[in-house]
Chemist: 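Quick one: this structure, given as structure tokens, is what I'll be asking you about.
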Amino acid sequence: MNLLIKSATIVDPNSPFNNKVADILIKTGTIAEIAKDIQADTEVFDAKGKHVSPGFFDLNCNIGELGLETKENLQTGTAAAAAGGFTGIALMPNTQPPVHSKAEVEYLLNRAKGNLVDVYPLGSLSHKREGKDLAEMYDMYLSGAKAFTDGNRPVQDAGLMERALLYTKGFEATIFSYPEDTAIAGKAKVNEGKMSTLLGMKGIPSLAEELMIARDLYLAEYTESNIHFSTISTARSVELIREARKKGLKVTCDVAAHHLVLTDDALAGFDSLYKVKPPLRTQNDVDALIAGLKDDTIDAIVSQHTPHEIEFKNVEFEVAEFGITGFQTVLSLAIRAGLAIDLIIQKLVINPRNILKLEVPAIVAGQKANLVVFNATAEWTYSKENNRSKSYNSPFIGQNLKGQVLLTCNNNHIFKSNKK
């Protein structure tokens, strides 16, 4: 694959051309030259007024394979990821069977070979994600699992979490914690507050998240281990992690893109497309999350891509499944949240890979071409026609969004957007 990207504004702190306008010549998947006014007999992509950065990386997404391919398979999931500018994704083990042994890790890695999008399966922390016994984490690590988590199931047993932190410390893997105390959250579906009262629904208090974060911070401090919190959503959660970092704890965290722009006010119409977990919170929480990104308390932005068949979402709110298809809207939502481009690159490109101890791609001559071209000011409509996922459970379908991914390149493959 040969391509000449003309007049792009490069956004990459690891590149000598950071914040400069230049041409990028790609030959057989490698950046051959970066300079002004390159002339080459090859396909040209006009990127004047556009940004180019290393490809995005998603730390939290769900693809149905294994066992739930009717929701999403690797082919459609990675196509949606590429359309969102992602060249690397970390798959949650929320499958049937879950990714709880080296067999599942190796199957997914083999299935994803040669794809534009690099796939990194995350292994289950507990056997079958049941929260009782540790899974075969070291075997999975040797097979390619970079971190361990029970996905959307919190580890309720503090002793199990302590053992997981101690065990993975021996081979320097990272534990991902989904912070929710199920004894407090119960079977509630929305955030506890004015909106839950108005809707007449039992709510999930912020305390359910914050208590689990406090517990796991104590455990990480006691074991002197790394811990990463997935999809934090409350103002107090941000404060707890900020305080832990000041104490020197090895803690990182991420936030889902939709939690940066939506509040529980969106639930007034009982639209199940807005049903997510953790639930949409208040404007105060949204403001705190954005502030946490800006002061580097929050390390990364994730899609929390969770596809579902229509029969799991187009039902009464109470019985609908949690989740949004999110790959293709992450950039637009980050821009809507008012984040600067340099900050977005830090949270979507560099920090996620650092958390998994992966090499961070750079826009440098001689490096593999792993990059995305996007227009931060262009408006586009997310529609069923340009949706690349197998599922359509996004409240943003039909909305006009700002921030358009135009081209994604990796592994000698290229994706060009057809968004209108």
Side-chain angles (χ1 to χ4, degrees), residues 59-60 62 92 94 125-126 129-132 149-162 164-165 175-221 227-244 249 251-260 262-267 272 274-289 292 297-298 302 304 306 317-324:
L59 278 177
N60 185 323
N62 297 278
M92 286 287 159
N94 308 327
L125 183 152
S126 68
R129 295 200 304 138
E130 293 176 346
K132 297 177 182 178
T149 174
D150 274 354
N152 57 5
R153 293 183 184 175
V155 179
Q156 200 67 19
D157 187 330
L160 183 69
M161 177 60 84
E162 180 199 13
L165 288 167
I175 293 294
F176 281 26
S177 169
Y178 170 57
E180 180 187 78
D181 190 313
T182 55
I184 293 175
K187 296 182 179 179
K189 312 295 183 182
V190 299
N191 178 55
E192 181 182 84
K194 292 179 181 179
M195 184 54 65
S196 65
T197 303
L198 181 65
L199 297 175
M201 300 176 70
K202 190 174 181 180
I204 302 173
S206 299
L207 178 65
E209 175 175 308
E210 295 151 9
L211 194 63
M212 190 63 83
I213 287 179
R215 185 203 76 174
D216 287 351
L217 286 173
Y218 275 119
L219 291 174
E221 182 177 22
I227 192 163
H228 177 85
F229 292 103
S230 296
T231 60
I232 68 169
S233 65
T234 78
R236 181 61 182 143
S237 295
V238 177
E239 290 177 17
L240 287 167
I241 293 168
R242 185 179 288 124
E243 292 163 5
L249 270 65
V251 55
T252 54
C253 64
D254 63 56
V255 61
H258 48 265
H259 279 115
L260 301 175
L262 297 175
T263 69
D264 55 0
D265 289 344
L267 305 178
S272 63
Y274 291 98
K275 185 178 180 181
V276 293
K277 205 168 190 184
L280 299 178
R281 305 287 188 180
T282 67
Q283 188 61 51
N284 180 60
D285 295 307
V286 170
D287 293 342
L289 292 169
T297 300
I298 302 175
V302 301
Q304 204 185 19
T306 308
F317 190 94
E318 280 280 352
V319 298
E321 293 286 342
F322 295 100
I324 284 175

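All figures in this text were calculated on a predicted structure; none of them were measured in a lab.
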Chemist: Among residues at least two apart in sequence or on other chains, which ones pass ring-ring contact (aromatic ring centres under 6.0 Å, His included) with His259?
Modeler: none
Chemist: Can His228 and Val251 be said to form a side chain to side chain contact (heavy atoms under 4.5 Å, CB included), step by step?
Modeler: CA-CA 6 Å; His228 177 85; Val251 55; over 6 Å; no
Chemist: Does any non-hydrogen side-chain atom of Asn191 lie less than 4.5 Å from one of Ile204?
Modeler: no
Chemist: Determine, step by step, whether Ile232 and Ile213 satisfy the side chain to side chain contact (heavy atoms under 4.5 Å, CB included) criterion, reporting the C-alpha distance in whole Å, the side-chain angles of both residues, the deciding distance to 0.1 Å, and the verdict.
Modeler: CA-CA 9 Å; Ile232 68 169; Ile213 287 179; 4.0 Å; yes
Chemist: Could you tell me if the side chain of Thr149 sits less than 4.5 Å from the side chain of Ile175, heavy atoms only?
Modeler: no
Chemist: Distance to the ring centre below 6.0 angstrom and angle to the axis at most 45 degrees; does that hold for Lys275 and Phe317?
Modeler: yes
Chemist: Give the minimum heavy-atom separation between Tyr178 and Lys277, together with the two atoms involved.
Modeler: OH-CG, 3.2 Å
Chemist: Are side-chain heavy atoms of Leu217 and Leu249 found at a separation under 4.5 Å?
Modeler: yes
Chemist: Which is it for Leu280 and Tyr274 under the side chain to side chain contact (heavy atoms under 4.5 Å, CB included) test, yes or no, and what are the steps along the way?
Modeler: CA-CA 8 Å; Leu280 299 178; Tyr274 291 98; 4.1 Å; yes
Chemist: Are Met212 and Phe229 close enough that some pair of their side-chain heavy atoms sits under 4.5 Å apart?
Modeler: no
Chemist: Do any pairs count as a salt bridge (charged side-chain N to carboxylate O under 4.0 Å, His left out) and have a residue in residues 206-221, sequence neighbours left out, and if so which ones?
Modeler: Glu209-Arg281, Glu221-Lys247
Chemist: If we ignore angles and hydrogens, is there a donor and acceptor under 3.5 Å between the side chains of Arg129 and Asn94?
Modeler: yes
Chemist: Less than 4.0 Å between a side-chain N and a carboxylate O, is that true for Glu239 and Arg236?
Modeler: yes
Chemist: Quick check: do Ile184 and Pro205 have side-chain heavy atoms less than 4.5 Å from each other?
Modeler: yes
Chemist: Regarding Gln156 and Thr182, is there a side-chain donor-to-acceptor distance under 3.5 Å anywhere?
Modeler: yes
Chemist: If every non-hydrogen atom of Gln304 is compared with every non-hydrogen atom of Pro278, which pair is closest and at what distance?
Modeler: NE2-CD, 4.1 Å
